[in-house]
2 protein chains.
Amino acid sequence: MERAKRTPRGTRKRDVPLTEAGICTSALRLIDADGVEALTMRKLAAVLDANPMSLYHHVPNKEALMRGVARMVGTRFRTVTLEDAPWQERMRLLATDFRTLAHRHPNLMAYSFSQPDFIQPEDPFWVELTAVLDAAGVPQSEIPQLAALVCAVVSGVMIAELNGALHRWSNLQPTTPASVKDGQTNEDSGEDRMFRLVLDTIISGMEGRLAVDHAGGPDGQPSQNSRRPSARIPRQLRPPAARCEGESQENPFSDMAAGVDPKEQ
Amino acid sequence: MERAKRTPRGTRKRDVPLTEAGICTSALRLIDADGVEALTMRKLAAVLDANPMSLYHHVPNKEALMRGVARMVGTRFRTVTLEDAPWQERMRLLATDFRTLAHRHPNLMAYSFSQPDFIQPEDPFWVELTAVLDAAGVPQSEIPQLAALVCAVVSGVMIAELNGALHRWSNLQPTTPASVKDGQTNEDSGEDRMFRLVLDTIISGMEGRLAVDHAGGPDGQPSQNSRRPSARIPRQLRPPAARCEGESQENPFSDMAAGVDPKEQ
DNA sequence: ACCTGAACACCGTTCAAGT
DNA sequence: ACCTGAACACCGTTCAAGT
């Protein structure tokens, strides 16, 4: 609630002239403090010790202002570039740093992620992401699609984490299945192919982990449904390489189980 | 723009009494037509031929109304239950049906996905999802976490698809990497572990695909960075099983490359 | 060029009053 | 119990006028 100095006539006087960057910065501060829905042109002007209408000389309208704030933060998503590290490690670091910055502006993220341009090709994040995929050996022509998928997946997990859904969902006790009826599908477009690829990827990732040692069914509760554990995938398939610490791997999802992580005991 | 009958004094008269469900349904119709930001208690009342204040006898406020709309749609996410199909196929169908319904209310989804309770444990979607994971052999104790991850990942991809980011990103030409400096990380919590698991999973999925036939580097552009293609993963690893059509697989991401899909020629 | 005050067309919601 | 009109405290934004 700091106030700038006042002129003799009682109106407030700024010590810094209004700029778009300054306006966006103050807007971000308001959003961080009270959420997007609390951002108001009038409140923003008050914080800047300006007349509400003065803002419109630097920003066309509130929507553009919000986009500016989202872009300002999007540009700041970056990470160190470790050209000599394995691509898996670089990817992990990139995503982790993304998450760290997202945590600094949790109130903005739901808005940012629903904006089509919160990450742009010039952004350090995109540059590093594509470099990592290149280092991973992804063909040049496929890099943008793969990078898009990584952005979408990571954003989705971030949203769910920040709004608490991830925490709430993961603390549910499993329910018994029940029969339901409905459903319809089938078409095919570029987005369809992308969507199938995500599914194929996370499924094949899960298959790999499951194939490690769950052939007979888990903890005394063998699944009786037709389970086809992809005979082509060998048993000794392991999680990606860059994980260095020696962790007990008797369960393919062990690093997620409560109290199983050895570092927490 | 249909209008109900009018009373002699010129005020409109509803033929159906106001109910919360009816209010939510009309609200959803307005959102589908013009977006969330166009939904207004006053406009909604006009559509229902009611006084704006009448709505407050059935809904405490606009926020609760929005939650009601999101829940109404969330409850409708469901799919057929194919207990005899392989779990991969069931997962694919579940996600595809999710997507189909999401496409029916694109204007609501960004809001829904940012709501912590748009999917609840009683919902058919959650029930089927957990059943599929059970059929996959996931240990009972890990099912909620895995289901949460699937929800988050699928939601993230849906948001990116619906707002056009997926399309825009995937049509970018790759940029050349540049050196940047920054970055900071490191902590550890339940959410941290979840986050690492997503990464491990999509990475191991991608590793599996990459290991198929990209040992020497892609299309004439061998990556000179230290690439460690996880020697433990054998070459002949294939995408998950439930894919039935015979597709050319000379490229692990071939079903995503422009014009490569054989069905499109 | 930048700023400003008054005003306009909206909002969500409270409240007292009607039936 | 349900509905209503008037009113309140806000919005974003236009516009004509100031410097």
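Just so it is clear, the values below take in all heavy atoms, side chains as well, and ignore hydrogens, waters and symmetry mates.
Rounded to an integer number of Å, the gap from B:Met41 CE to D:dC11 P is 19 Å. Separating the CG atom of A:Asn61 from the P atom of D:dT14 is a distance of 8 Å, rounded to the nearest angstrom. One interatomic measurement links the two molecules: CD of A:Glu37 to C1' of D:dC10, which rounds to 15 Å at whole-angstrom precision. In this structure, the CD1 atom of B:Ile23 is 12 Å from the C1' atom of D:dC2, given to the nearest Å. Between the OH atom of B:Tyr56 and the C1' atom of D:dC8 there is a distance of 13 Å, rounded to whole Å. Summarising the geometry, the separation between CG on A:Leu55 and C1' on D:dT13 is reported as 12 Å, rounded to the nearest angstrom. Nucleotide C:dC10 holds its C1' atom 16 Å from the CG atom of B:Asp34, rounded to whole Å. As rounded to whole Å, 14 Å separates atom C1' of C:dC10 from atom NZ of A:Lys62.
Contact check on A:Arg76 versus A:Asp123 returns no salt bridge, with no Lys/Arg side-chain nitrogen under 4.0 Å from an Asp/Glu carboxylate oxygen.
For C:dC3, the OP1/OP2 oxygens have a side-chain nitrogen or oxygen of A:His58 closer than 4.0 Å.
The CD1 atom of B:Ile159 sits 12.0 Å away from atom CG of B:Leu166, with the distance rounded to the nearest 0.5 Å.
In a base pair of the Watson-Crick type (N1 to N3 plus N6-O4 or O6-N4) or a G-U wobble (N1-O2 and O6-N3), with each distance short of 3.5 Å, D:dG12 is matched with C:dC8. Nucleotide D:dG18 forms a Watson-Crick or G-U wobble pair with C:dC2, both donor-acceptor distances falling under 3.5 Å.
In this structure a side-chain-to-backbone donor-acceptor pair under 3.5 Å is missing from A:Trp169 to A:Gly164.
The residue among A:Thr40 and A:His57 whose nearest nucleotide of DNA chain D lies closer to the 5′ end is A:Thr40.
Within the 4.5 Å cutoff, the side chain of A:Thr19 has no heavy atoms near those of the A:Ile23 side chain.
In this structure, A:Phe113 and A:Phe118 have perpendicular ring planes: the angle between them is above 60°, well past the 30° mark.
Closest to the side chain of B:Arg42, from the set D:dC11, C:dT4, C:dG12, is C:dG12.
Across all strands shown, B:Met53 has heavy atoms under 4.0 Å from base atoms, whether or not it also approaches the sugar-phosphate.
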